[in-house]
Amino acid sequence: QVQLVESGGGLVQAGGSLRLSCAASGRTFSIYPMGWFRQGPGKERELVATISRNSVSIYYADSVKGRFTISRDNAKNTVYLQMNSLEPEDTAVYYCAADSKAGLGIRLRPASYDYWGQGTQVTVSS
């Protein structure tokens with residue numbers, strides 16, 4: 001079993017920054033590809049960023065490229081999402097996800113992840 005707990009969400013003005021954290025339980029976090037997804041009001045869940053277990057491979061959605069940075073600290077069992085230059089369109093519930101089947105590389109599809117956090121709300125005001 002893997003438990004994921006997100007934190008760091010909140011209300012911020014457009015142009016501001018937030019840093020999301022996702023703390024994972026378990027001793028094998030370091031072998032899991034991890035991802036951040038978001039779901040805005042009335043929208044489907046979409047991939048924001050994903051990172052391989054050794055941080056060598058990283059992918060960003062075009063909508064956040066250049067503004068968001070995903071990183072991980074395997075010693076702390078934590079993955080981060082630094083969000084800068086936030087826009088009202090970034091308003092969503094943000095979820096972290098883990099692929100406990102492990103393996104190399106990154107995962108782009110939600111179906112590839114088998115553990116999800118409860119989500120943290122990010123609201124960007126204009």
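The shortest distance between side-chain heavy atoms of L4 and E6 does not fall below 4.5 Å. Contact of the L11 side chain with the Q121 side chain is not registered, since no non-hydrogen atoms from C-beta on lie closer than 4.5 Å. Contact annotation: the side chain of M83 never approaches that of W36 to less than 4.5 Å [non-hydrogen atoms, C-beta and beyond]. Contact of the S52 side chain with the I106 side chain is registered, since non-hydrogen atoms from C-beta on lie closer than 4.5 Å.
Panel note: side chain R107, backbone A98; no donor-acceptor pair is recorded below 3.5 Å. A distance-only check finds no donor-acceptor pair linking the side chain of T120 to the backbone of S7 [under 3.5 Å].
Note on F29: it clusters hydrophobically with I58, by side-chain heavy-atom contacts below 4.5 Å among ILVMFWY residues. Following chains of ILVMFWY side-chain contacts shorter than 4.5 Å, one cannot reach L108 starting from V79, and the two form parts of different hydrophobic clusters. Under a hydrophobic clustering in which Ile, Leu, Val, Met, Phe, Trp and Tyr are joined whenever their side-chain heavy atoms come within less than 4.5 Å, directly or via other members, V124 and V93 fall into different clusters. Grouping the Ile, Leu, Val, Met, Phe, Trp and Tyr side chains by contacts below 4.5 angstrom, directly or via other members, places Y80 apart from Y95. Grouping the Ile, Leu, Val, Met, Phe, Trp and Tyr side chains by contacts below 4.5 angstrom, directly or via other members, places W116 apart from V2.
Applying the 6.0 Å contact sphere to CD of Q3 captures no more than 12 heavy atoms from other residues, nucleotides or ligands. The environment of K76 atom NZ is sparse: at most 12 non-hydrogen atoms of other residues, nucleotides or ligands sit within 6.0 angstrom.
Here the CD1 atom belonging to I70 is positioned 8.0 Å from the CE atom belonging to M34, to the nearest 0.5 angstrom. One finds the CD atom of Q39 at 8.0 Å from the CD atom of E44 (value rounded to the nearest 0.5 Å). To the nearest 0.5 angstrom, R72 atom CZ is 11.0 Å from C96 atom SG. Interatomic distance, CG of L47 versus CZ of R45, reported as 11.5 Å (0.5 Å rounding). Considering OH of Y115 and NZ of K101, their distance stands at 9.5 Å, rounded to 0.5 Å. Atom CG of N74 and atom CG of N54 lie 8.5 Å apart (nearest 0.5 Å).
For the pair R67 and Y60, the cation-pi test (distance below 6.0 Å, angle within 45°) is failed.
Looking at S112 and D99, their side chains never bring a donor and an acceptor atom within 3.5 Å of each other.
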Output, in order, the C-alpha distance, side-chain angles, deciding distance and verdict of ring pair (Phe, Tyr, Trp, His ring centres under 6.0 Å) for Y113 and F37.
CA-CA 11 Å; Y113 296 87; F37 290 78; 5.3 Å; yes
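Classified by interplanar angle (parallel below 30°, tilted 30° to 60°, perpendicular above 60°), the ring pair F68/Y94 is tilted.
Nearest heavy atoms, A49 versus L81: CB-CD1, 4.3 Å. Heavy atoms only, all atoms of each residue included: S17 and S85 are closest at OG-N, 4.3 Å. Of all heavy-atom pairs spanning A14 and P88, the tightest one is CB-CD, 4.1 Å. Minimum interatomic distance between S21 and T78 (heavy atoms only, all atoms of both residues): CB-CG2, 4.3 Å. Considering all non-hydrogen atoms of both residues, S30 and R53 come closest at O-CB, 3.2 Å.
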